[in-house]
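We name chains A, B, ... by the order of the sequence lines, and we start the count at 1 in each one. Given the structure is predicted, the values throughout are model-derived calculations rather than measurements.
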Protein chains: 2
Amino acid sequence: MEASLQAALEALSDPIRRRIVRELAQVPDWSRPCGTFNDLPVAKSTLSHHFSVLRNVGLLEQRDEGARRLNRLRKPEFDERFPGLLDLVLSEP
Amino acid sequence: MEASLQAALEALSDPIRRRIVRELAQVPDWSRPCGTFNDLPVAKSTLSHHFSVLRNVGLLEQRDEGARRLNRLRKPEFDERFPGLLDLVLSEP
DNA sequence: AGTAATGTTCGAGCGTCGTCGAACAGAACG
DNA sequence: CGTTCTGTTCGACGACGCTCGAACATTACT
């Protein structure tokens with residue numbers, strides 16, 4: 001972890017990744033598997049790639065539960081590292 | 001003006017543009033012409049392109065003074081539009 | 001065991017962006 | 001007027017990232 005500002009900005013520069021982050025912020029931790037993001041206009045493999053980017057930048061934590069993979073937005077950790085950045089994304093329409 | 005978060009994040013995703021912003025924040029307004037950024041490892045035309053991007057995203061204001069073009073970082077305006085974002089860049093080492 | 005569901009990985013296509021040099025426009029100055 | 005300085009614009013090149021489908025691994029279910 002300990003992602004750089006460079007990596008954080010690049011990760012959040014993608015509109016699909018910001019949508020993932022926003023949708024994830026509206027549900028409790030560990031409540032949404034990756035497969036429930038079919039509303040996004042990308043293929044499964046692309047979605048998996050976006051999750052990987054968010055994971056590497058320290059925005060996302062994942063946990064296996066059977067076949068599914070549950071997600072958690074690491075808001076406290078990210079807020080401490082980059083104050084205000086995540087809130088900007090979450091306040092986006 | 002009225003840049004989107006998308007445009008703001010893309011503009012600040014480039015390390016050279018962040019260096020321009022940081023250096024510009026350390027001098028008074030209208031004190032540094034574009035030509036005084038030769039320490040950056042890019043050609044003149046590339047530098048002009050980066051200035052254009054920063055201008056379009058509302059981070060930079062330019063004014064002609066003779067042959068030179070003076071710059072001003074629009075910190076108050078940008079802070080009001082994207083609170084915290086510019087400070088993250090300025091606190092970067 | 002066989003099938004379905006969930007995610008990842010791989011290779012390839014493709015657009016976008018940063019980069020450069022050359023050419024150009026305008027201002028200052030001898 | 002000619003030169004120099006400053007900055008922009010243009011076309012071209014190269015790299016990186018988003019995208020997809022196909023193949024694979026793992027788990028759950030009948």
Side-chain angles (χ1 to χ4, degrees), chain A residues 3-24 27 29-73 89 92, chain B residues 3-24 27 29-73 89 92:
Chain A
S4 62
L5 178 62
Q6 173 77 37
L9 293 174
E10 284 175 351
L12 294 175
S13 288
D14 187 276
I16 298 214
R17 284 196 285 267
R18 288 201 305 279
R19 279 184 61 175
I20 294 176
V21 166
R22 280 195 302 273
E23 296 193 16
L24 221 40
V27 298
D29 289 354
W30 312 120
S31 65
R32 262 196 99 170
C34 299
T36 63
F37 286 83
N38 329 25
D39 50 334
L40 301 179
V42 288
K44 270 177 304 182
S45 52
T46 305
L47 198 56
S48 184
H49 162 67
H50 286 313
F51 277 117
S52 169
V53 173
L54 292 175
R55 218 184 310 128
N56 288 335
V57 85
L59 256 169
L60 200 66
E61 192 177 1
Q62 296 186 325
R63 181 215 295 175
D64 281 12
E65 191 181 71
R68 291 170 313 187
R69 180 160 288 191
L70 301 182
N71 300 289
R72 169 193 166 242
L73 189 63
V89 176
E92 200 181 10
Chain B
S4 63
L5 178 61
Q6 173 78 37
L9 292 175
E10 283 175 352
L12 293 175
S13 287
D14 186 276
I16 298 217
R17 285 196 284 266
R18 289 201 304 279
R19 278 183 62 176
I20 294 176
V21 166
R22 279 196 302 272
E23 296 194 16
L24 221 40
V27 297
D29 288 354
W30 313 118
S31 65
R32 261 197 99 169
C34 299
T36 63
F37 286 84
N38 332 31
D39 50 333
L40 301 179
V42 289
K44 272 175 301 185
S45 52
T46 304
L47 198 55
S48 185
H49 164 66
H50 285 314
F51 278 117
S52 169
V53 173
L54 293 175
R55 217 184 311 128
N56 289 333
V57 84
L59 255 170
L60 199 66
E61 191 177 0
Q62 296 184 324
R63 180 215 295 176
D64 281 11
E65 191 181 69
R68 292 169 313 189
R69 181 160 288 190
L70 302 182
N71 299 289
R72 169 191 166 244
L73 189 64
V89 175
E92 200 180 9

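The listed nucleotides are D/dC18, D/dG7, C/dC20; the one nearest the side chain of A/H49 is D/dC18. Among the nucleotides C/dC20, D/dC20, D/dT8, the one closest to the side chain of A/V42 is D/dC20. Side-chain proximity of B/K44 to C/dG7, D/dT8, C/dG21: nearest is D/dT8. Of the listed nucleotides (C/dC10, C/dG7, C/dC20), C/dG7 has the atom at the smallest distance from the side chain of A/P33.
An OP1 or OP2 oxygen of D/dT8 is reached within less than 4.0 angstrom by no side-chain nitrogen or oxygen of B/R68. Checking the phosphate oxygens (OP1, OP2) of C/dT19, no side-chain nitrogen or oxygen of B/T46 falls inside 4.0 Å. Using a 4.0 Å cut-off, some side-chain N or O of B/H50 falls inside it from OP1 or OP2 of C/dT19. The shortest distance between the side-chain N/O atoms of A/R17 and the OP1/OP2 oxygens of D/dC18 is below 4.0 Å. Here B/R69 reaches the OP1 or OP2 of D/dT8: one of its side-chain N or O atoms lies under 4.0 Å away. Of the side-chain N and O atoms in A/Q62, none sit less than 4.0 angstrom from OP1 or OP2 of C/dT6.
C/dC17 atom P lies 14 Å from atom CG of B/L9, rounded to whole Å. Across the protein-nucleic acid pair, B/L60 atom CG and D/dT8 atom P stand 10 Å apart, rounded to whole Å. Rounding to whole angstrom units, CG of residue B/L54 and P of C/dC17 are separated by 15 Å. For the pair A/R19 CZ and D/dC18 P, the computed distance is 16 Å after rounding to whole Å. Remark: P of C/dC17 and CZ of B/F51 are 20 Å apart, rounded to the nearest angstrom. Spacing between atom CG of B/L40 and atom P of C/dC20 amounts to 11 Å, rounded to whole angstrom units. The interatomic distance linking B/L47 (CG) with C/dG18 (P) rounds to 13 Å, in whole Å. Following rounding to the nearest Å, A/N38 (CG) and C/dG7 (C1') show an atom-to-atom distance of 13 Å.
Using a 4.0 Å heavy-atom distance criterion, A/D64 is classed as making no nucleic acid contact. The residue A/E65 sits apart from the nucleic acid: no heavy atom pair falls under 4.0 Å. At the heavy-atom level, A/P15 lies nowhere under 4.0 Å from the strands shown.
Interface remark: the B/S48 side chain does not form any donor-acceptor pair with the D/dG7 base, using a distance-only criterion of under 3.5 Å.
Without hydrogens or angle criteria, A/S52 side chain to A/S48 main chain gives no donor-acceptor distance under 3.5 Å. Looking only at distances, no side-chain donor or acceptor of B/E61 sits under 3.5 Å from a matching main-chain atom of B/N71. Between the A/R18 side chain and the A/V89 main chain, no donor and acceptor come within less than 3.5 Å of each other.
No side-chain heavy atom of A/E10 sits under 4.5 Å from any side-chain heavy atom of A/V57. Looking at B/F37 and B/I16, their side chains never come closer than 4.5 Å, going by heavy atoms from C-beta outward.
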From CA spacing to verdict: side chain to side chain contact (heavy atoms under 4.5 Å, CB included), B/R72, B/R63: CA-CA 8 Å; B/R72 169 191 166 244; B/R63 180 215 295 176; over 6 Å; no
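Each of B/A67 and A/V53 was matched to the nucleotide of DNA chain D holding its nearest heavy atom; the match closer to the 5' end belongs to B/A67.
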